[in-house]
Amino acid sequence: MAWLYRLLIWLGVSSLFVTGVASARPDESAPPPPPPRVHPVLVSADMRPSLDLSGPWHMSIDPYRDGVAGFHGGDPGLSSRRYADIDIATTEKRDGNALFEQDPARSPIVTLPSSWLTQSPEMRHYVGLVWYQRHFTAHKRPGKRVFLRFGAANYAAHVYLNGKHVGEHRGGFTPFAFDVTKLLHDGDNQITVGVDSQRTDQDIPPPVTDWETYGGITRAITLIAVPDTYIDDAWIRLTHDGHIRASGRLDGPAAANMPVRVTIAGLGLTLDARTDAHGDWQAAVPAPASLKRWSPDSPTLYDVAVKAGDDTLHDRIGFRTVSVDGDRILLNGKPIFLRGISLHAEEFGVDPSHVITPEAARALLEEAKYGLHANYVRLAHYPHPEVMLRTADKMGLLVWSEIPVYWRVDFSNPDTLSQARQMLAENITRDRNRASIMLWSVGNETPVSPARNRFLQTLAADAHRLDDTRLVSAALLSHREKRNGVDTVVIDDPLIPSLDVMAINTYNGWYGNDSLASLPSIAWASKYHKPLIFSELGAGAKAGVHDSTGTHKFSEEYQAEYYRQTLAMAAKIPFLRGMSPWILKDFRSPRRQHPVYQQGWNRKGLESETGVRKEAFFVLARQYARWAKQPPGSPK
Ligand code: GCB
């Protein structure tokens with residue numbers, strides 16, 4: 001789709017897509033609907049003590065979804081219920097007449113979290129339903145509530161505990177949790193999860209993307225016990241008026257009118273609050289002069305403790321402000337140029353499984369920070385696991401975070417909008433305490449139409465309302481025209497008034513017919529006085545393929561030259577405030593099947609999938625080293 005759109009742009013017919021937009025602007029006087037409420041949030045869940053259910057699980061495929069419904073509809077027959085709390089082997093022994101057509105307890109064992117694509121060669125391209133099952137021991141404790149939490153399951157999850165339905169979740173990249181206090185047994189428990197990776201045209205993202213979407217349970221599964229009344233949400237941040245503000249919500253029978261205390265020991269600060277009738281609380285104090293603001297050069301984090309009743313929550317939080325001033329981006333009040341790189345949540349290696357351990361996160365982010373001299377990463381194209389954000393917080397990398405509103409979304413479908421809003425709310429409530437995140441992005445390369453504009457405007461409004469301390473952006477499309485005889489890329493997406501930062505993915509010189517030498521003479525224009533980021537730019541190369549003439553695509557030389565010329569173009573754009581070239585390393589993409597160069601990988605990485613640096617890596621690293629000393633646009 002993206003290539004088709006780019007081709008049309010190049011042919012000069014992009015106006016087809018834009019026709020009628022101006023007259024179709026939504027009614028701006030109508031108040032935007034409030035964002036959906038996420039419940040439970042279980043904020044900072046990764047910092048709470050928990051029972052980790054990672055490890056061996058049984059796995060049973062169910063391509064015809066027999067375990068979800070009978071062949072005439074309705075409930076599945078007893079012989080097909082993967083989640084039933086029955087010892088099938090014993091039942092069969094006892095009763096020769098018993099009929100079962102599955103038995104997870106005797107099915108193959110795999111290790112979770114990980115995507116099933118790498119669990120056996122037959123599963124490489126499996127899209128559909130898979131059941132996972134295991135047993136674990138838990139002890140019931142009076143006065144405690146127990147949540148079963150999933151870091152993410154891609155795409156839809158059906159969860160059962162001890163044969164009983166617990167809940168469902170749609171959306172492959174955000175966390176969800178269920179209160180299982182009543183269903184939990186004291187002693188042995190059986191958990192079964194059906195994960196369905198089949199997405200429809202109404203889902204986010206829709207079925208066609210340019211990355212491997214990795215079906216399965218790819219993030220931690222934990223059992224978290226909290227007091228009956230517990231701190232469900234706590235957001236502690238530095239606001240633009242120079243205060244440290246804390247707000248959140250208690251959940252449980254004693255949530256109303258309860259004192260809450262936030263302590264930041266390193267600053268000698270205590271914030272006291274009392275909840276209202278709903279359990280909501282807030283407090284603020286002027287930031288002390290001793291506060292060391294978080295930045296990429298000095299990523300200071302403070303221990304923060306939140307206490308309410310019997311519950312105490314710990315976190316490590318950095319404090320900084322991000323804002324825009326005209327077409328500049330400010331970090332802690334000072335202009336910053338974002339030297340970035342894009343990343344998928346895909347670990348280095350010959351057969352990645354979309355499992356980001358702390359070591360895998362470090363390996364990726366260290367290449368960005370210390371290899372490329374980056375101060376910023378675009379975590380594409382969906383919310384990355386918490387460990388990526390924690391690592392960015394610690395290492396000092398600013399982050400663009402996004403939800404997968406990508407390409408051909410069903411923008412006029414209210415259910416699709418609800419899913420996207422839910423995802424955005426889950427992402428923001430999970431991550432609002434991460435100093436590294438500076439930008440929420442609500443869409444990637446979505447063709448302009450009245451329905452799309454309304455959809456993304458709603459998401460942008462949600463992002464602003466859920467978090468008034470960060471910037472909102474989207475990777476937009478642009479079009480080409482001649483202005484005074486000069487080839488000009490015009491940025492005039494009608495979504496821009498709803499955004500703080502404009503972002504464009506540019507591939508001139510890779511897609512389309514521009515010669516590399518012509519790139520620096522392309523001009524960029526926008527009637528909007530806002531900062532611009534190149535959210536992508538890139539060209540493919542297979543590591544080790546060389547062409548001394550530099551004229552052939554997929555050679556390292558072509559990619560390197562593409563970078564030289566595109567950087568020369570970028571340096572001339574006065575309102576360009578950063579970039580996140582596409583992409584740090586080659587990543588799996590089922591739509592890339594050139595047998596010589598791609599073999600199922602998108603080759604736009606500056607490194608191969610195993611981390612071999614290509615020539616273009618060094619071109620960008622050298623430029624970033626220069627920009628680190630002398631950012632573009634700064635006084636000489
Ligand atoms: C894009 C997409 C990204 C693709 C990339 C490409 O614009 O946002 O997901 O992988 O182009 O390689 O074409």
Side-chain angles (χ1 to χ4, degrees), residues 1-10 14 17 172-173 199 204-214 340-346 352 354 377-384 400-409 439 441-448 452 456 473-480 489 491 493 495 502-514 532-543 553-554 558-559 562-563 566 579-594 597-609 614 616 620:
M1 179 64 191
W3 67 264
L4 174 65
Y5 193 77
R6 287 185 195 115
L7 182 69
L8 290 170
I9 288 170
W10 172 69
S14 66
F17 288 84
F173 305 98
R199 301 186 312 278
I204 307 285
V208 175
T209 64
D210 185 27
W211 76 92
E212 181 58 81
T213 41
Y214 288 109
I341 189 73
S342 296
L343 292 178
H344 268 294
E346 192 183 84
H354 193 63
V377 284
R378 175 183 182 187
L379 299 185
H381 274 303
Y382 39 79
H384 281 217
W400 155 306
S401 170
E402 68 188 276
I403 54 166
V405 174
Y406 184 93
W407 290 357
R408 224 167 34 203
V409 171
L439 273 158
S441 168
V442 295
N444 183 75
E445 291 191 340
T446 52
V448 169
R452 169 273 196 185
L456 295 191
S473 190
L476 308 169
L477 296 166
S478 52
H479 70 272
R480 283 278 277 275
V489 182
I491 309 167
D493 190 312
L495 184 67
M502 311 186 285
I504 295 285
N505 298 346
T506 173
Y507 285 94
N508 303 319
W510 179 255
Y511 299 116
N513 269 3
D514 289 312
L532 171 68
I533 291 176
F534 278 156
S535 34
E536 290 176 30
L537 58 94
K542 182 152 160 56
K553 286 185 174 162
F554 290 111
Y558 188 95
Q559 188 191 34
Y562 166 92
Y563 266 82
T566 303
M579 57 176 68
S580 47
W582 195 252
I583 183 170
L584 180 70
K585 74 161 192 80
D586 294 351
F587 60 97
R588 289 251 197 225
S589 174
R591 67 195 290 276
R592 307 289 179 174
Q593 295 297 346
H594 191 293
Y597 301 122
Q598 297 175 315
Q599 301 119 340
W601 297 85
N602 182 316
R603 293 291 183 201
K604 295 191 189 71
L606 293 174
E607 302 187 7
S608 73
E609 67 274 24
K614 307 176 194 174
L620 187 65

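In listed order, ligands and their atoms are each counted from 1.
Atoms of ligand 1 lying under 4.0 Å from any heavy atom of Tyr406, numbered from 1 in the order shown and given with element: 2 (C), 3 (C), 4 (C), 8 (O), 9 (O). With ligand atoms numbered from 1 in the order given, ligand 1 contributes 6 (C), 12 (O), 13 (O) to contacts under 4.0 Å with heavy atoms of Lys604. Which parts of ligand 1 touch Arg592 is read off a 4.0 Å heavy-atom cut-off, strictly below it: atoms 6 (C), 12 (O), 13 (O). Ligand-side atoms of ligand 1 in range of Asn505: 7 (O), 8 (O), range being under 4.0 angstrom from any heavy atom. Contact atoms of ligand 1 toward Phe587: 10 (O) (distance under 4.0 Å to a heavy atom of the residue).
Closest of all the heavy-atom pairs between Thr213 and Phe173 is O-CZ, 4.5 Å. In terms of heavy atoms, Arg452 sits closest to Thr446 at NE-OG1, 3.0 Å. The minimum heavy-atom distance between Gly340 and Pro581, with the atom names listed, is O-CD, 3.1 Å. When every heavy atom of Ser589 is checked against every heavy atom of Trp211, the shortest pair comes out as OG-N, 3.9 Å.
Closest heavy-atom approach to atom 13 (O) of ligand 1 among the candidates Trp510, Tyr511, Trp407: Tyr511.
At a heavy-atom distance under 4.0 Å, no atom of Trp211 approaches ligand 1. Neither the backbone nor the side chain of Thr209 comes within contact range of ligand 1; no heavy atom lies under 4.0 Å. Looking at Asn444 against ligand 1, only its side chain comes within 4.0 Å, counting heavy atoms.
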Handout entry: Derivation and outcome, side chain to side chain contact (heavy atoms under 4.5 Å, CB included), residues Lys614 and Glu607
Key = CA-CA 5 Å; Lys614 307 176 194 174; Glu607 302 187 7; 5.8 Å; no
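When Ile504, Asp210, Asn505 are each tested for a side-chain contact (heavy atoms from CB on, under 4.5 Å) with Glu445, only one passes: Asn505. With Trp582 as the partner, the ring-ring contact (aromatic ring centres under 6.0 Å, His included) test is satisfied by one option alone out of Trp510, Phe587, Tyr563: Phe587.
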